[in-house]
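Encoded as structure tokens, the structure appears first; notes follow it.
Just so it is clear, the values below take in all heavy atoms, side chains as well, and ignore hydrogens, waters and symmetry mates.
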Amino acid sequence: MLKEELQAFGEELREMRQEMHMSQEKLAEALDVDLRMISRYENGNAEMGSLMYRKMLQIYQSWKYTQIDNLLQQIMKLTPEKKGAIETIFSDIK
């Protein structure tokens with residue numbers, strides 16, 4: 001992988017981690033790697049192997065599904081009128 005590609009990947013990894021409100025320490029713990037490796041990945045100084053990449057995607061997907069589930073639970077609590085208003089907004093977007 002080229003240095004520019006590693007740096008671009010590192011930036012995306014950092015953005016994903018920040019979107020999940022995770023510190024580098026928490027991500028290192030979740031991926032079972034040393035904290036320095038997270039820093040090296042994010043700075044484009046190391047290439048993430050396929051196993052580590054899959055682990056990262058699983059963490060991110062799990063976080064996304066949790067966010068969607070939380071949103072759906074909030075929607076279920078709405079009154080029928082408010083649910084109808086949301087449906088109208090989404091149908092206008094299509």
I'd like to check the side-chain hydrogen bond (donor to acceptor under 3.5 Å, both in side chains) partners of Arg36; sequence neighbours left out, ordered by chain and number. Asp34
Got a sec, which hydrophobics cluster with Ile68, joining ILVMFWY side chains under 4.5 Å apart, including via others? Leu72
Going by distance alone, is a donor N or O of one side chain under 3.5 Å from an acceptor N or O of the other, for Gln74 and Asn70? no
Check: Thr88 side chain, Gly84 main-chain N or O, donor-acceptor pair, under 3.5 Å: yes
Euclidean distance, Ile75 CD1 relative to Ile86 CD1, rounded to 0.5 Å: 5.0 Å
Any chance NZ of Lys83 has more than 12 other-residue heavy atoms, nucleotides or ligands included, within less than 6.0 Å? yes
Could you pull out the closest heavy-atom pair between Met22 and Ala30, with the gap in Å? CE-CB, 4.2 Å
Mind checking side-chain contact (heavy atoms from CB on, under 4.5 Å) for Glu81 and listing every partner two or more places apart, or none if nothing turns up? Thr79
Under the side chain to side chain contact (heavy atoms under 4.5 Å, CB included) criterion, do Ile38 and Glu25 qualify, and how do the steps go? CA-CA 8 Å; Ile38 301 302; Glu25 293 86 1; over 6 Å; no
Just to verify, which of Arg40, Gln7, Lys3 counts as forming a side-chain hydrogen bond (donor to acceptor under 3.5 Å, both in side chains) with Asn45? Lys3
Let me confirm one number: the CG-CE distance from Leu57 to Met48, rounded to the nearest 0.5 Å. 9.0 Å
Among the clusters formed by ILVMFWY side chains lying less than 4.5 Å apart, do Leu35 and Tyr41 turn up in the same one? no
List the residues meeting side-chain contact (heavy atoms from CB on, under 4.5 Å) with Arg14, not counting sequence neighbours, and say none if there are none. Glu11, Arg17, Gln18, Glu42, Asn43
Quick one: side-chain contact (heavy atoms from CB on, under 4.5 Å) partners of Tyr60, sequence neighbours excluded? Met16, Glu19, Met20, Trp63, Lys64
What distance do Arg54 atom CZ and Leu31 atom CG have between them, rounded to the nearest 0.5 Å? 13.0 Å
Ala85: what forms a side-chain contact (heavy atoms from CB on, under 4.5 Å) with it, not counting sequence neighbours? none
Please check if the number of heavy atoms outside Lys55 that lie under 6.0 Å from its NZ is greater than 12. yes
When rounded to the nearest 0.5 angstrom, what distance separates CE in Met56 from OH in Tyr53? 9.5 Å
